[in-house]
Amino acid sequence: MNENSSNSTKTKNNSSKNKNKSKPFFVKKKKPQAKKTLESKVIDAKGAVNDLKLYEKIEAEPKKKQEKKQNAQPQKKAQTKKTAETKSVPSKKQSSQSKKQTEKPQKKAKPIKVAFLGGLGEVGKNITLFEYDGDMILIDCGLAFPDEDMPGVDIVIPDFSHLEKNFDKIKGICITHGHEDHIGALAYLLKKVNVPVYSTRLTNGIIEGKLREHNILDIAELNVVSPGKTVTLGKFRVEFIHVNHSIPDAVGFAIMCDGGTIVHTGDFKIDSTPIDGGMIDIARFAELGKQGVLCMMADSTNAERQGYTESESKVGASFEMLFAKAESRRIIVATFASNIHRVQQIINVAAKSGRKVALSGRSLENVVAVASELGYLNVPEGILIKLDMIKQFTDSELVLITTGSQGEPMSALTRMAMRDHRKVSITPNDYVIISATPIPGNEKTVSRVVNELMKLGADVVYEKMYDVHVSGHACREELKLMLGIVKPKYFMPVHGEQKHLLKHAELAEAMGIASDNIILAENGALIEVCEKHIKRIGSVPAGQTLIDGSGVGDVGSVVLRDRKHLAEDGIIVVVACMDAVTGELTSGPDVVSRGFVFVKESTDLLDEAQKTAYETIMKCHDRNIYDWGAIKSRVRDDISRLMYERTKRYPMVLPIFMEN
C-alpha cells in the first residue's frame, strides 16, 4: 500500500473512535478500497510526485528570500567587506584566534622597563635591570678596571643603591658568561642583595670560587642552567641560548613576558669551527625572529670592524709555528685568565713540543682548576707543574702561561717586566708571546710592559706581528646577520664605548630598522618598550663604587681629588705646638715637605715657608684670634701663596697644631 492510502486508513480509524469530535477539514470520508488497478497506481504515483514538488518549493522559499536580502544590500558596503567565499572558509589561525577571543578577553600587556646600571659608554661594569608588572630581573653584574685618574683604586663596581631600594622585587640574576666584566662585582652585590643566581655550568664554577674568597658561598643560592633551558623568574621567562665567545658556556637570552620578547645576545661571535665543538645556536635565534621579537640588545664591541671575526682555531696554528721558532728558548705566553680555549691550545702545542707548563697568576690558577675539574679543559697527565719547580727544568723544556696581557700593574707579567716577580726573572733567552688585544684605554700600559720586557733582552711577540689572538666579539657582518635573522621591532646597542654603540645603531638602521625604533642609551637611562613605542622615561642612580683593598666605597671623589693633588704637586706639612690655656705658640712651627721639592736643594725655600707660618700665627694672636681652625686656614693660604710665587705650583698644605 502506498503512503497516501496508509495515511487515509489511520485517519479513518481515528475518526471512528472519536465520533463526537468534528472531523478536520482536510480529512475526507473514504469508501472501502477495492483492489488497485494499474490506473490507480499511476494516479497515486503522480500524487506523490506532486507532493515532492510542493515540499521542494516550500524548502526553496527561505533561500530565495535570503538571496534577495543579500542582493538588496548597498554595493559600497559590500565592497568594504570580505567576499562570501573568504568568510565561508576561515583559516585555522583565524578560527583559533576568534575562539580565544570568545573564550577569554585578552589582558592588555604592560610596557617593559629596562634600566642600565653599567656597561654603556664603557668597556666593563655590565649590569642591566629589567622590570615588568612589578617583577625585576638582572642580567650580569661585572666590574671595570680603574682609569689613570684613579690612583690607588683596585677595581670599579656599579652603584647598587637602586637595587637595594627594590630588593623585594628582584627575582634573580642571570649571567651570560664567566668574564670579570660580567661577574666580577657579583660578590659585592650578593652581600647587599642576596637573590638567586642562574648561570651555566662553567660560569657557576668560576662564581663559586669568587664567592668562596669573599666567604659568602654558603649563603648564596646558585643555580646551574643548561643552554636551551628556560627558567621562570616571577612574570619573566628567561631562555638560555648557546653562543660562541672566548670562554666556554657563554649564552645569550630570550627574555619573555606578556609584554613581549627581548633578545639579549650577551658577548658573542659566530664561530663555525670552535674549539669546544659547539657552534652558536643560530637556528634558535632565527626561530625567535619568526615568532616575533619586540626588542634586541646586542654586543657592540667590534661594531667598527669590517668582515667576520676569525675562528679561535686559527690561533692554534700560529702557536705551533711560534713554538717551533722559539727553538731552545723559554716560552712565556700572556693571555686572559678566563680564556679557556686559548689555554687549551697552548697546552696542546706544549704537549706536542715535549714541554712542561707552569701557571703564574692566582686568577689563572683558579680558572684552570675549575675548568679541569668540570671537564672543559683537557690537561694531559704530568704536563702541569708548579711554578716553584721551573728551576728543575731547562728553558727548552718550559712554557709559562701568565696573566697580565692588559698591562695590569699587579699582574704577573708586569711584575716580571719590572723585575719584581719573586719566582720568574726575565732573561735574553725568553720568548714572550702576548696573546691578547689591548682593551681600549690599556694601550699605553701594554706598550710600557712590552718595552720593559725588550729592555731586559726578551724577544716579544704581540698581536700585530702574528695571528696570536682573535677577538671573542662579532664584527660587522656577524652583527648584520644577527639583526637579519632576529628581525626585532626595536633595537638597543649595548656593551661598548659611545663610538661602538653609535656604529652599531647606524648598522641597524642600514638593515632596515627605523631610526625612531633605535635608542642610544647611557648609564642611568630608564627605557620603556612596548608594541606602540620605545622611549626614555627617566633615570636611575648608576654611578660607580671604587674598591681600594678591602674598602668598598670609602674612596670617593674627595679622596681621589686629594690623591691627584698629592701625585701632581706633593705636600707641605706645618707642625706647631700651642699652649692649651693661653693659645700662645710654644714651639715651632716646623715645615716638612714630601713629593714637592728635594729638601737638600731647597732649604732656603723651606726656611722662608717656616718664617711665613710663624708670622701668620703671631698676627692671629695680635688680633686675639685663638681659634685653631681659623689659624690653620690662614697658615694654609699664606704658605700656598708663597709656594706659587716661588715655584708656580700649588702643593697640598697641611697645618697640624698640637697642645703643649
Can any side-chain N or O of [X] pair as donor or acceptor with the backbone N or O of [Y] at less than 3.5 Å?
| X | Y | value |
| --- | --- | --- |
| Glu478 | Thr309 | yes |
| Asp159 | Pro541 | no |
| Asn126 | Asp181 | yes |
| Gln345 | Gly316 | yes |
| Gln406 | Thr437 | yes |
| Ser300 | Val494 | yes |
| Ser311 | Thr273 | yes |
| Thr403 | Ser411 | no |
| Asn223 | Val197 | yes |
| Asp135 | Lys235 | yes |

Legend entry - Residue pair Asp133, Asp258: steps toward the side-chain contact (heavy atoms from CB on, under 4.5 Å) verdict: CA-CA 9 Å; Asp133 197 16; Asp258 292 340; over 6 Å; no
Can you tell me how the ring of [X] sits relative to the ring of [Y], calling it parallel under 30°, perpendicular over 60° and tilted otherwise?
| X | Y | value |
| --- | --- | --- |
| Phe491 | His504 | perpendicular |
| His214 | Tyr188 | perpendicular |
| His245 | His177 | perpendicular |

Inset, instruction - For residues His495 and His182, establish whether the separation of their ring centroids is below 6.0 Å. - result: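 Yes; His182 has its ring centre under 6.0 Å from that of His495.
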Legend entry - side-chain contact (heavy atoms from CB on, under 4.5 Å) assessment of Ile347 paired with Asn378: CA-CA 9 Å; Ile347 291 174; Asn378 181 24; over 6 Å; no
Inset, instruction - Please say whether more than 12 non-hydrogen atoms of neighbouring residues, nucleotides or ligands are located less than 6.0 Å from CZ in Arg237. - result: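 Enclosed.
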Under a 4.5 Å cut-off applied to non-hydrogen side-chain atoms, are [X] and [Y] in contact?
| X | Y | result |
| --- | --- | --- |
| Val238 | Tyr198 | no |
| Phe319 | Arg342 | yes |
| Thr176 | Asp267 | no |
| Phe285 | Ile280 | yes |
| Val123 | Thr301 | no |
| Leu138 | Leu129 | yes |
| Cys174 | Phe253 | yes |
| Val486 | Leu288 | no |

Mind checking the [atom1]-[atom2] spacing from [X] to [Y]? Nearest 0.5 Å is all I need.
| X | Y | atom1 | atom2 | result |
| --- | --- | --- | --- | --- |
| Ile401 | Ile346 | CD1 | CD1 | 4.5 Å |
| His533 | Ile527 | NE2 | CD1 | 10.5 Å |
| Ile112 | Cys257 | CD1 | SG | 3.5 Å |
| Ile519 | Ile534 | CD1 | CD1 | 4.5 Å |
| Ile270 | Leu481 | CD1 | CG | 4.5 Å |
| Glu310 | Asp271 | CD | CG | 9.5 Å |

Nearest atoms (heavy-atom pairs only) where [X] meets [Y]:
| X | Y | answer |
| --- | --- | --- |
| Ile340 | Ala371 | CD1-CB, 3.8 Å |
| Lys503 | Ala303 | CB-O, 3.9 Å |
| Val343 | Val368 | CG1-CG2, 4.2 Å |
| Thr265 | Val243 | O-CG1, 4.1 Å |
| Leu190 | Val195 | CD2-O, 3.8 Å |
| Val357 | Ala350 | CG2-CB, 3.6 Å |

Inset, instruction - Kindly determine whether Phe336 and Ile247 satisfy side-chain contact (heavy atoms from CB on, under 4.5 Å), including the steps that lead there. - result: CA-CA 10 Å; Phe336 290 107; Ile247 186 172; over 6 Å; no
Inset, instruction - In sequence, state the C-alpha distance, the side-chain angles, and the governing distance for Glu122 and Asn523, and then conclude on side-chain hydrogen bond (donor to acceptor under 3.5 Å, both in side chains). - result: CA-CA 9 Å; Glu122 60 184 348; Asn523 290 342; 3.0 Å; yes
Legend entry - Residues Phe268, Leu479; criterion side-chain contact (heavy atoms from CB on, under 4.5 Å); working and verdict: CA-CA 10 Å; Phe268 83 100; Leu479 297 177; 3.9 Å; yes
Legend entry - Sequence neighbours excluded - salt bridge (Lys or Arg N to Asp or Glu O under 4.0 Å) pairs with any residue from residues 400-415: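 Sorted result for residues 400-415: empty, none.
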Inset, instruction - Using a strict cut-off of less than 4.0 Å between a Lys/Arg side-chain nitrogen and an Asp/Glu carboxylate oxygen, indicate whether Glu287 and Arg284 qualify as a salt bridge. - result: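 Counted as a salt bridge, because a side-chain N and a carboxylate O are separated by less than 4.0 Å.
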Inset, instruction - For the pair Arg201 and Asp249, find out whether any cationic side-chain nitrogen is under 4.0 Å from an anionic carboxylate oxygen. - result: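 No, Arg201 and Asp249 are not salt-bridged.
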Inset, instruction - Just grab all the side-chain hydrogen bond (donor to acceptor under 3.5 Å, both in side chains) pairs involving residues 480-493, residues at least two apart or on different chains. - result: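 Every pair satisfying side-chain hydrogen bond (donor to acceptor under 3.5 Å, both in side chains) with a residue in residues 480-493: Glu477-Lys480, Lys489-Glu531.
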Legend entry - Step-by-step salt bridge (charged side-chain N to carboxylate O under 4.0 Å, His left out) determination, Glu180 to Lys210: CA-CA 10 Å; Glu180 289 288 341; Lys210 290 188 171 296; 2.4 Å; yes
